[in-house]
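Comments concern the structure below.
Throughout, residue positions are numbered sequentially from 1 according to the sequence presented. Computed from heavy atoms alone, side chains included, the values below leave out hydrogens, waters and symmetry copies.
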Amino acid sequence: MNQKKAPWHFLLLLILAGESVFIIPFVLSRVFRPTVLEVFNLDNVQLGICFSVYGIVALLSYLLGGPLADKFPPRKLIAVALWMTALGGLVYATYPGYTVLKILYGYWGFTTIFLFWAPMIKATRVWGGSTSQGKAFGFLDGGRGLVGALFGAMGVLIFSLFITSEISQATVSESRAAFKYVILVSSGIVAFVGVLVWFFMKMGRQLEKEIILDKITISQIKEVSRLPSVWLLMIIILCAYVGYKITDVFSLYAQDVMLYDQVQSAQVGTFLLFIRPVVGVLIGVVADRSQTTFWLVVSFVVSFFGALLFATGMISVSMAVLFFISILIVAAGVYAARSLYFAVMQEGQIPLVLTGTAVGLISLIGYTPDIFAGPAMGYLLENSPGAEGHQHVFWMLALFSFIGGIAAWGYFQLYKGQKRH
């Protein structure tokens, strides 16, 4: 697979698209969680259920959308997905009721995954070629983190511009008016990124032909499903993704346990977003120089120990410095695992031309936390209010990091000799 490498702007567009598509359903509610709960009049469990509806639709979309990515050029699928997602933002900005909100999250589960997910992973793999898989996926995830952080910072800025009174005294109607602008500006940008992708993310005819199959046969799907790497990646991604979901709680932790106000806790959420690009780029570069699978094991170990710092209840109001150091440790582990889990596909001998199909199968199990993590966290938090609920959430992180670490160790042992071809 020594074809001419796709140009840098190709990866930049993938990064832009890769985060933009999730801004409206996820990044806004991650950065503005207390605000979203207030303006949509939801509790933690209801918001968790919206994410579950998304997760259920997404699950079917992974499986059916995977082979689609092996049949059509990535840029067309990605552009259409961005446009459809942005349309959902217009509905979101009208502050629909809870039922419509659940339907909207289901719609996003389709637009962001069916047409989008496998093409993005496949296009990234193509860009990485045979020598730069760690870099390709590290830059993809780190870059997506940076785009998310910039959207988050822009959102906080727009929000504070439109709030006229003191933030702490803002009424619900003021918050609603301000947050509406945040949603509309975000939707406009997402649609614009779709236009850029459509016109500029071209690979060249020859390469497009090489990575697309005319039709996908059952025997090819069977071939992929027999690979041990596919089964191990299901567990690895499931555990890493639970960790990623749990990082959503930090801004709430800042409010409930550290007693920060709405803007300060949104800043904690944004601080997290800025850690992700740094970790992604560093781990990507390091992993390419040695064994990617080894660094995957290390990342789970780090997030396990970080989780214990929170789970044991060591961090209290007076310990702001320890709070930020512990966030750094957890985030470094979680984001490193996230950056690397698709980068090990090549070492796991998954054929490039069947990447979409493999990603569909792996994601079917790997992304089930979309269904259960939100409600599980909501349940733990609502059942034991305050610090205790947060400790339970971090015990959950410790458990999944431990299981993920074991699966990653198995992958490392199995493909140790498989240095790049």
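Around the CZ atom of F199, the shell of radius 6.0 Å holds no more than 12 heavy atoms that belong to other residues, nucleotides or ligands. Heavy-atom contacts from other residues, nucleotides or ligands closer than 6.0 Å to NZ of K245 number more than 12. Atom CZ of F274 sits in a crowded spot, with more than 12 heavy atoms from other residues, nucleotides or ligands closer than 6.0 Å. Within a 6.0 Å radius of OH in Y98, more than 12 heavy atoms belonging to other residues, nucleotides or ligands are found. Remark: W83 CH2 is packed, more than 12 non-hydrogen atoms of other residues, nucleotides or ligands lying under 6.0 Å away. Atom CZ of F271 is surrounded by more than 12 heavy atoms from other residues, nucleotides or ligands within 6.0 Å.
Side-chain contact, Y54 with T112: a donor N or O sits under 3.5 Å from an acceptor N or O. In this structure, a donor-acceptor pair under 3.5 Å is present between the side chains of D70 and T357. No side-chain donor from either of Q133 and E347 sits under 3.5 Å from a side-chain acceptor of the other. Remark: the S175 side chain and the T35 side chain contain no N/O donor-acceptor pair separated by less than 3.5 Å.
Among L150, I158, L157, the single residue meeting the side chain to side chain contact (heavy atoms under 4.5 Å, CB included) criterion with M154 is I158.
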Ring pair (Phe, Tyr, Trp, His ring centres under 6.0 Å) between Y341 and Y411, intermediate numbers included: CA-CA 11 Å; Y341 51 46; Y411 200 101; over 10 Å; no
Residues F51, F26; criterion ring pair (Phe, Tyr, Trp, His ring centres under 6.0 Å); working and verdict: CA-CA 9 Å; F51 291 148; F26 291 110; 5.3 Å; yes
Side chain to side chain contact (heavy atoms under 4.5 Å, CB included) between S229 and I350, worked out: CA-CA 8 Å; S229 51; I350 295 167; 3.6 Å; yes
From CA spacing to verdict: ring pair (Phe, Tyr, Trp, His ring centres under 6.0 Å), Y367, W117: CA-CA 11 Å; Y367 289 102; W117 186 250; 5.4 Å; yes
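Remark: I56 engages I371 in a side chain to side chain contact (heavy atoms under 4.5 Å, CB included) (not counting sequence neighbours).
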Using distance only, find each side-chain donor-acceptor pair of residues 84-91 under 3.5 Å and give its atom names and separation, not counting sequence neighbours.
unit_1, atom_1, unit_2, atom_2, d
T85, OG1, A81, O, 2.7
T85, OG1, T111, OG1, 3.0

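For the pair R125 and F342, the cation does not sit on the ring face, since its NZ or CZ is not both under 6.0 Å from the ring centre and inside 45° of the axis.
When every heavy atom of W108 is checked against every heavy atom of P25, the shortest pair comes out as CE3-CB, 3.7 Å.
With a 4.5 Å cut-off on side-chain heavy atoms, D256 and H390 count as touching. E38 has its side chain out of reach of F32: every pair of non-hydrogen atoms, C-beta onward, lies at least 4.5 Å apart.
Note: F323 and Y260 have perpendicular aromatic rings, judged against thresholds of 30 and 60 degrees for the angle between ring planes. Taking the six-membered ring for Trp and thresholds of 30 and 60 degrees, F310 and F394 have nearly parallel ring planes, at less than 30 degrees apart.
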